[in-house]
Amino acid sequence: MNTRSRKLLSARKPSSSTKLWPLAAAVLGAALVVSGCASDGGETASSASPSPSTASESPEVSPSTGTSTGEVGSASPGSSAPAPTAGNSAEAASPTGPKTCAAADLAGEVEDNIGGGAAGSVYRTLVLTNVSSAPCASAAGFPGVSYVDDTSNEQIGAAAVRSGENGNPGGVFVLEPGQSVVADLKETRAENYGEDCEPHQATKLLVYPPEDLQALEIPHEILACENPNVELLSIGALQKR
């Protein structure tokens, strides 16, 4: 082979360094692409995940009692009212009846009974009327009755003894305004006892309604006995008229 032929072959045959340049360029380009993707992915992940300070902050919540922070003690819209206590239930179920008839609510009188006389005694009717403006309850028992005078205003002789039985023990009579209860009243004549009577003129009856410590006075003039052993009065149990 001559010199010219060798030159031609040398010109056609590429050198090893010339072959490596395209390969190196391709590798470099791929590396740049991978690096760019990794960089973009890192920025995306970093922006998507919350920062430590954001994750540690929790939203502010109101107290568990349901009251708002601005109005202490006010109920929240969803809360229910507290159930009534046993004491309140007990306070709402208590009975409310009419009050007990006091002496100040009553007016008294003594009625004569037609044909109510007997040998040495007189039978009359004691009447107690509700003169208040509201109903009241009178105990069904025996009133206390005795003679008094205007001078000393003290009891004369023995108080009335109870006669008969209480037909309604422990009961009450509800009296509307103007309604009355009555009891049989027996008076024995003082003259029957002579000097043992120790006569004293009475001017009124002192009457205690059952279970009452206050009394009402009824004008009633009659000869009484100061001797406490002489019993001139007897009284029956009250009945509603």
Side-chain angles (χ1 to χ4, degrees), residues 87-118 121-190 200-225 228 231-241:
N88 292 339
S89 298
E91 187 175 354
S94 61
T96 56
K99 65 175 184 177
T100 300
C101 295
D105 300 321
L106 302 172
E109 63 177 317
V110 176
E111 294 180 347
D112 291 331
N113 296 339
I114 298 176
S121 60
V122 179
Y123 291 89
R124 295 185 168 99
T125 300
L126 174 67
V127 183
L128 302 179
T129 303
N130 178 11
V131 292
S132 71
S133 59
C136 66
S138 172
F142 295 89
V145 181
S146 60
Y147 291 126
V148 294
D149 67 10
D150 289 331
T151 304
S152 63
N153 208 35
E154 294 181 355
Q155 177 177 318
I156 302 172
V161 296
R162 295 179 178 182
S163 174
E165 296 181 356
N166 181 7
N168 190 14
V172 296
F173 302 114
V174 176
L175 303 180
E176 297 292 335
Q179 291 186 330
S180 305
V181 287
V182 297
D184 292 331
L185 175 66
K186 178 184 175 182
E187 295 180 285
T188 302
R189 296 184 184 274
H200 187 109
Q201 186 67 31
T203 57
K204 53 191 173 184
L205 286 176
L206 193 65
V207 178
Y208 288 86
E211 302 180 6
D212 196 346
L213 298 179
Q214 300 297 319
L216 61 147
E217 298 177 346
I218 302 174
H220 187 66
E221 292 190 6
I222 194 170
L223 186 63
C225 296
E231 297 175 343
L232 299 180
L233 291 168
S234 67
I235 188 72
L238 291 172
Q239 301 292 329
K240 189 172 183 180
R241 170 172 280 182

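This one's a predicted model, so the numbers in the text were calculated from it and none came from an experiment.
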Asks: Is the shortest heavy-atom distance from the side chain of Y147 to the side chain of L205 under 4.5 Å?
Replies: yes
Asks: How close do A140 and F173 get, counting heavy atoms only, and between which atoms?
Replies: CB-CE1, 3.3 Å
Asks: May I ask you to decide if G157's main-chain N or O and Q155's side chain share a donor-acceptor pair within less than 3.5 Å?
Replies: yes
Asks: Is the closest side-chain heavy-atom distance between D112 and R124 below 4.5 Å?
Replies: yes
Asks: Any heavy-atom pair between the side chains of L175 and L128 that's under 4.5 Å?
Replies: no
Asks: Can you tell me if E111 has over 12 outside heavy atoms packed within less than 6.0 Å of its CD?
Replies: yes
Asks: Taking C-beta and beyond as the side chain, do P210 and L238 meet within less than 4.5 Å on heavy atoms?
Replies: yes
Asks: For the side chain of T203 and the backbone of D150, is there at least one donor-acceptor N/O pair under 3.5 Å apart?
Replies: yes
Asks: Please set out all donor-acceptor pairs under 3.5 angstrom arising from side-chain atoms of residues 176-184, sequence neighbours excluded.
Replies:
| from | atom 1 | to | atom 2 | distance (Å) |
| --- | --- | --- | --- | --- |
| Q179 | OE1 | E176 | N | 2.9 |
| Q179 | OE1 | K240 | NZ | 3.4 |
| S180 | OG | T129 | OG1 | 2.6 |

Asks: Okay, side chain of D212, backbone of A103: is any donor-acceptor separation there less than 3.5 Å?
Replies: yes
Asks: Which atom pair, heavy atoms only, marks the closest approach of A158 to P228?
Replies: CB-O, 3.3 Å
Asks: Within the 4.5 Å heavy-atom criterion, are K204 and N153 side-chain neighbours or not?
Replies: yes
Asks: Heavy-atom distance under 4.5 Å between the side chains of P209 and L216, does that happen here?
Replies: yes
Asks: Check side chain to side chain donor-acceptor pair (under 3.5 Å) between S152 and all other residues, then give those that pass, not counting sequence neighbours.
Replies: D149
Asks: State the OG1-CG distance between T125 and N113, to the nearest 0.5 angstrom.
Replies: 3.5 Å
Asks: Please tell me if the side chains of L232 and I222 come closer than 4.5 Å, counting only heavy atoms from C-beta onward.
Replies: no
Asks: Decide yes or no for L223 and Q201: does some side-chain heavy atom of the first lie under 4.5 Å from some side-chain heavy atom of the second?
Replies: yes
Asks: Give, for atom CD1 of I235 and atom CZ of R162, the distance between the pair rounded to the nearest 0.5 Å.
Replies: 10.5 Å
